[in-house]
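Residue numbers count from 1 along this sequence. For ligands, and for the atoms within them, numbers begin at 1 and follow the listed sequence.
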Amino acid sequence: MPKGTLSALRGVGPKVLGKLNQAGIESIEDLWFFLPRSYEDRTRLTQFRSLQHGLTVQVQGRVVAADVLFRGRRILRVLVEDDDGNALTLTFFHFTSQQAASFRNGSNIVLFGQARQGFSGFEMVHPTYRLLRAGEVVELSDRLDPVYPAIEGVGAPTLRKMVHEALLQMPRDESLELLPADVVAHLSLPSLRDALLLVHQPPVGTDLNALKDGSHPAQQRLAFEELLAHQLSLRQQRLAHQQRKAHSLRDPALLKNLRTSLPYTLTNAQDRVLTDIARDLATQTPMLRLVQGDVGSGKTIVAALSALLAVANGQQVAVMAPTELLAEQHLNNFKLWLEPLGINVAWLVGKVTGKARTSVLEEIASGSAQVIVGTHALMQSHVAFHDLALVVVDEQHRFGVHQRLALRDKGEQGQFTAHQLVMTATPIPRTLAMTAYADLDVSAIDELPPGRTPVRTFVVNSSKRDQLIERIAMACSEGRQAYWVCTLIEENEEIEAQAAEATHEYLTKHLPKQRVGLIHGRLKPAEKQRIMAAFKNHELDVLVATTVIEVGVDVPNASLMIIENAERLGLAQLHQLRGRVGRGSAVSDCLLLYREPLGQIAKQRLQTMRDTNDGFVIAQKDLELRGPGEILGTRQTGITSFRFADLMRDSHLLPAVQKVAQDLMAKDAGTVEKLLKRWIGHALRYVEV
Ligand code: ADP
Ligand code: MG
């Protein structure tokens with residue numbers, strides 16, 4: 001469909017054109033999809049006696065008085081009455097003398113505005129109004145008036161006229177329609193043309209409430225098409241990835257060696273997921289698999305076993321963690337597991353510099369480093385792998401979109417593409433996963449290792465801070481260890497470190513028998529390492545920490561977690577922090593300290609934490625409280641930055657969306673192309689994981 005030019009519309013000069021372009025509107029077609037954010041109902045007149053506080057309505061009356069008052073500034077007050085003598089007061093703060101004089105007693109006036117209950121009856125502040133000529137009858141509109149999102153430099157009336165004119169150019173034939181006719185019929189949704197017309201110009205009698213909450217069939221039709229386009233885009237990217245060639249990795253021998261050397265047997269869930277991965281790796285199609293497993297479900301060993309499959313074939317594995325602390329812990333684990341099997345495990349983070357860096361880069365380039373553990377430093381362009389066959393990304397939700405894209409590029413090694421295994425402990429509700437991860441295969445470790453007792457969670461007022469001393473002393477006297485996490489809302493390491501230092505001092509003073517350590521982001525890496533190791537080896541009883549310990553840290557002997565300012569943290573973060581305890585067989589407690597006053601959402605969050613340990617339930621609640629954009633951290637990635645669709649509201653459409661996407665991919669490449677162009681366009685690349 002050729003894109004109509006905007007400049008052909010009346011009233012669109014170069015200046016307005018520039019403003020429209022800035023707002024992302026570049027063609028007539030873009031205007032069709034520029035939808036109102038609300039409506040004004042001028043299809044009827046409301047009686048004065050039916051006015052309600054807060055309702056925006058159109059009324060008609062007669063001016064009975066108009067006065068300019070001085071209340072620190074000039075105010076114009078106009079009193080309007082209807083035929084029954086009911087009154088309405090109008091207030092204007094901005095007006096000209098001419099305007100004030102135009103309200104002559106006895107003139108008829110039609111008003112549109114929000115009614116408010118004032119001291120003496122109803123009032124309207126700055127209503128839009130028109131004084132009627134003698135004998136003039138108000139002409140009621142036969143459509144609701146659309147209110148468009150404001151575009152700077154383009155007045156609302158101009159915008160309205162422009163869209164109206166653009167709609168007149170909408171084709172009447174089938175050329176606009178991209179959904180197969182049987183699908184539209186089957187879903188009982190209107191055609192695209194009808195849907196757009198209704199949404200822009202709802203006729204009298206349209207269910208305004210449905211329009212407001214987005215459930216009107218016309219809106220559902222648009223949401224459906226948009227969700228479909230996103231689904232197609234993800235599937236297409238996946239297909240493109242599958243056209244690439246990967247190394248086929250298989251060798252059960254090493255795998256068996258490690259498995260038998262472990263002090264435990266894998267859970268059924270771990271075993272099943274490992275089988276999924278091994279099956280993927282054995283093929284020449286690059287794997288794109290997401291492993292979801294709640295905190296403590298044992299993802300690390302699954303990653304290590306997967307890595308073995310790659311190195312057994314002489315290729316390399318990169319293991320990427322979001323923080324140095326976690327990377328460090330992985331390094332220790334991987335060394336412990338893999339070095340006895342003769343595998344060379346290397347280490348690269350930002351702070352590895354000088355000679356050490358040169359030498360590790362050489363090892364990576366020559367292939368003598370077989371498993372390389374690190375942070376996103378691994379993805380820097382000067383890091384050249386010899387033969388990278390598998391990339392493992394732990395806690396992938398913590399990586400920004402650019403890092404994820406860099407990662408995918410890094411996986412392109414000449415004619416081969418590396419397999420990808422991404423792991424996350426932040427479970428995503430099913431509906432969201434279907435949409436966000438349509439380009440990934442998903443395996444779930446849906447079972448915790450045996451012998452774990454669920455963490456008990458208590459919500460405690462900060463004023464009872466002193467009573468916690470005893471609690472800590474008790475845990476320690478039983479040979480257990482405790483975390484005390486100081487959190488601040490600002491991501492300011494400096495201030496956070498200060499808070500942690502103060503708490504460290506306080507605990508050191510009040511717990512003379514316990515060895516209290518301190519770790520925060522301002523410490524040198526070597527220092528952090530030393531302290532973490534000391535805590536792990538039980539040379540410390542209490543660890544005061546900032547959120548540097550949020551993800552991944554694994555010290556099974558710790559059984560008490562205290563989180564300060566818990567009311568300021570999101571559910572995902574709280575769940576992660578709590579997941580640092582309950583890793584051994586002892587009963588573990590998590591104390592969430594809060595300060596008054598508690599907001600509604602904070603209260604619900606804390607309550608959710610107290611009520612459940614199930615990561616999926618928590619994720620669902622998180623979605624309800626925050627909305628999907630926040631959860632996926634995707635305002636940047638575009639996954640959920642839908643124009644009309646709303647994943648919560650429209651999730652019932654997703655099964656049909658999936659089915660139609662599948663059919664179209666199989667049968668109608670042309671339509672797929674058009675849908676992508678209409679809805680996704682240049683945003684495409686950002687949907688990648
Ligand atoms: P996750 O990364 O999924 O949060 P980890 O990989 O850190 O979890 O494992 C959590 C703890 O469980 C570790 O102490 C690990 O040694 C232990 N673990 C893992 N798998 C098993 C298992 N099958 N049986 C017993 N303990 C296990
Ligand atoms: Mg982990």
State which residues pass side chain to side chain contact (heavy atoms under 4.5 Å, CB included) with Arg250; sequence neighbours excluded, sorted by chain then number.
Ser248, Ala282

Side-chain donor-acceptor pair present, [X], [Y], cut-off under 3.5 Å:
X	Y	value
Arg578	Thr457	yes
Asp294	His575	yes
Gln529	Glu328	yes
Thr487	Arg568	no

Tell me, please: is Asp294 in heavy-atom contact with ligand 1, that is, under 4.0 Å?
yes

Are any of the heavy atoms in Arg452 under 4.0 Å away from ligand 1?
yes

For [X], atoms of ligand 1 separated by under 4.0 Å from a heavy atom:
X	result
Thr267	23 (N)
Thr300	2 (O), 5 (P), 6 (O), 7 (O)
Val295	4 (O)
Asp554	10 (C), 11 (C), 13 (C), 14 (O)

Could you check which of Gly296, Ser585, Pro263, Ser297 puts a non-hydrogen atom nearest to atom 4 (O) of ligand 1?
Gly296

Which bit of [X] is near ligand 1, meaning a heavy atom under 4.0 Å away: side chain, backbone, both or neither?
X	result
Leu266	backbone
Lys299	both
Glu447	neither
Met423	neither
Thr265	backbone

Please work out whether the ring planes of His247 and Phe416 are parallel, tilted or perpendicular, with thresholds of 30° and 60°.
parallel

With a 4.0 Å cut-off, would you call Arg465 and Glu564 a salt bridge?
yes

Nitrogen or oxygen atoms of Pro556 and ligand 1 under 3.5 Å apart
no

Closest approach of Ala310 to Ala389 (non-hydrogen atoms, all atoms of both residues)
CB-CB, 4.4 Å

Can you list everything that forms a salt bridge (charged side-chain N to carboxylate O under 4.0 Å, His left out) with Glu362? Sequence neighbours excluded, please.
none

